[in-house]
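Everything numeric here is computed off the predicted structure, so don't read it as measured data. Computed from heavy atoms alone, side chains included, the values below leave out hydrogens, waters and symmetry copies.
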Amino acid sequence: MIGGGPGGLYFAYLWKKRHPEDQVDLFEQNPADATWGFGVVFSDQALEFLRADDPETVDAIAPHMESWENITLNHSGDSVAIDGVGFSSIGRLELLQFLQQRALDAGVTPRFDTQIQAIDQLSGYDLIVAADGLNSLVRRAYEGDFGTSLSYSSNKFVWYGTSKRFDTLSQTFVKTDRGAFNAHHYRYSPNMSTFLVECDHATWQAYGFAYKDVEQSKGVCEEVFADTLGGHCLVSNKSVWRNFPWVWNEHWSFKNMVLIGDALHSAHFSIGSGTRLAIEDAIALVKALESDAHLSTALHRYQAARKPVVQKLVNAARTSAFWYEHFAQHMQLGLMDFAYSYITRSGRIDDSRLRAMSPAFMARYEAEKSAGDAADEATA
């Protein structure tokens, strides 16, 4: 295993647990207690998928997770709850430490603070699983063979934490005299929340963020979202402005090397599926390897079974990201029309599904829409 993130740790644990006679070495360039980012969020649906394959792990982490049933949208001083959209979250470091212990207990040999400089260092292994993230060494070394493509979203984002506790996964949209901002925020522990700030490139330029250091950028974001933060500060952890990278590989394996997680594909943070996809990749890879004794055939089976599922979710993520690239325009809508545009942005939810999933929201939306239509007819 190259990479000690959730996907790498989970595959190492799962394989070693099921095949204790095998030697499983995991190489991670960072210390065991280091991580980038703050919280990790799972939809209820994602947890149920994981529970179907590994109920023991879900039952073990569930007591340590924060959970809620609604999404809250804050727009122009007003708020609306979208009910029936359940999520759970946990601190990224806490999740990593849990999976590290799981892997250790299964007999995996972890090698933290160990950076692989070249693939030649791994000669002699039957299988090399690259879970080494967006900048994967394995993928970059064989981009042509993997059929790699890389592009970037136009929006800028920066990832913070805060000690402000939020009741639900929330989106706050703020208009300023120099542009519009959006914050994705949710609690991941009783006293900490993730707080991701996003804006379009024009707004980013207007504020001169290219010439501001980490503390100066943080100060601007604290000022823009002062009402949302309610006196709490933002916390930085390598919090620099970035463009979201879209990674895709047409071929998921080459020789005895296979990609999983962000090394293989990226899904926009607006649908909160990066960790879920990595873990599900690990599960699918284990199943494929166990289904065929011939490595090459098993790796092709992994791609054939998993690729259509991932492609569908990545397509939805791209549609969602496109909505965010134009969120300032959507902010011209009234609150309920804006909320409807938001919740249907990925193209995966239609009115009938929304009525079943979020009956309170749809009742309010349709009532206000009917009232508006009646007022228009009366005016006409």
Side-chain angles (χ1 to χ4, degrees), residues 1-20 22 24 26 40 42-58 60-61 95-96 98-99 102-103 106 108 125-134 136 138-139 142 145-148 246-268 271-317 348:
M1 291 300 311
I2 308 179
L9 284 166
Y10 192 76
F11 176 85
Y13 147 71
L14 203 57
W15 188 263
K16 184 64 174 175
K17 178 186 177 185
R18 296 163 71 106
H19 303 273
D22 287 359
V24 180
L26 184 143
V40 175
F42 296 88
S43 69
D44 285 353
Q45 185 181 37
L47 284 179
E48 286 309 307
F49 283 145
L50 179 56
R51 186 185 297 278
D53 284 287
D54 188 2
E56 183 183 342
T57 294
V58 175
I61 65 173
L95 177 63
L96 288 177
F98 173 85
L99 292 175
R102 212 69 161 173
V108 173
Y125 285 94
D126 298 300
L127 177 66
I128 298 170
V129 182
D132 46 346
L134 294 168
S136 169
V138 173
R139 188 194 68 235
Y142 298 99
D145 298 292
F146 286 117
T148 303
W246 292 102
V247 174
W248 183 254
N249 293 272
E250 280 302 312
H251 311 295
W252 290 22
S253 62
F254 176 61
K255 296 182 178 179
N256 68 331
M257 296 168 283
V258 62
L259 307 175
I260 68 171
D262 285 347
L264 174 61
H265 47 63
S266 57
H268 195 253
I271 64 168
S273 294
T275 301
R276 165 198 169 178
L277 281 174
I279 289 176
E280 290 180 353
D281 286 348
I283 293 171
L285 180 56
V286 167
K287 289 180 177 179
L289 290 169
E290 290 179 336
S291 69
D292 200 301
H294 193 279
L295 180 60
S296 178
T297 307
L299 294 180
H300 281 97
R301 187 187 297 270
Y302 160 62
Q303 175 175 325
R306 183 82 178 127
K307 189 175 182 180
V309 178
V310 174
Q311 183 74 71
K312 184 177 179 180
L313 201 146
V314 169
N315 287 342
R348 295 186 298 169

Does a side-chain heavy-atom distance below 4.5 Å link [X] with [Y]?
X    : Y    : answer
L50  : I279 : yes
L289 : W15  : yes
K287 : R306 : no
H265 : L313 : no

Distance check, rounded to the nearest 0.5 Å: [X] atom [atom1] versus [Y] atom [atom2]?
X    : Y    : atom1 : atom2 : result
T297 : L295 : OG1   : CG    : 8.5 Å
F49  : F42  : CZ    : CZ    : 13.5 Å
L96  : R102 : CG    : CZ    : 14.5 Å
L299 : L127 : CG    : CG    : 6.5 Å
N249 : Q303 : CG    : CD    : 9.5 Å
L264 : L134 : CG    : CG    : 11.5 Å

Holding to side chain to side chain contact (heavy atoms under 4.5 Å, CB included), I want the full list of residues that pass it with Y142, two or more places apart in sequence or in another chain.
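In terms of side chain to side chain contact (heavy atoms under 4.5 Å, CB included), with neighbours along the sequence ignored, Y142 is linked to I119, D145, F146, F254, M257.
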Compare every heavy atom of [Y] with every heavy atom of [X], then report the nearest pair and how far apart it is.
X    : Y    : value
A130 : S136 : CB-OG, 4.1 Å
G8   : M1   : CA-CE, 3.3 Å
L47  : V58  : O-CG2, 4.0 Å
Y302 : D281 : CE1-O, 3.6 Å
L26  : G4   : CD2-CA, 3.9 Å
W252 : K307 : CH2-CA, 3.4 Å

Does a donor on one side chain sit under 3.5 Å from an acceptor on the other, for S266 and D262?
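No, D262 and S266 have no side-chain donor paired with an acceptor closer than 3.5 Å.
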Side chain to side chain contact (heavy atoms under 4.5 Å, CB included), paired with Y10, selected from I260, T275, T57
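Only one option passes, and that is T57.
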Decide, yes or no, whether a salt bridge links R301 with E290 under the criterion of side-chain N to carboxylate O below 4.0 Å.
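No, R301 and E290 are not salt-bridged.
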Checking V258 against F11 for the side-chain contact (heavy atoms from CB on, under 4.5 Å) test, could you report, in this order, the C-alpha distance in whole Å, the side-chain angles of both residues, the deciding distance, and whether it holds?
CA-CA 12 Å; V258 62; F11 176 85; over 6 Å; no
Other residues, nucleotides, ligands: >12 heavy atoms within 6.0 Å of H300 NE2
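Open.
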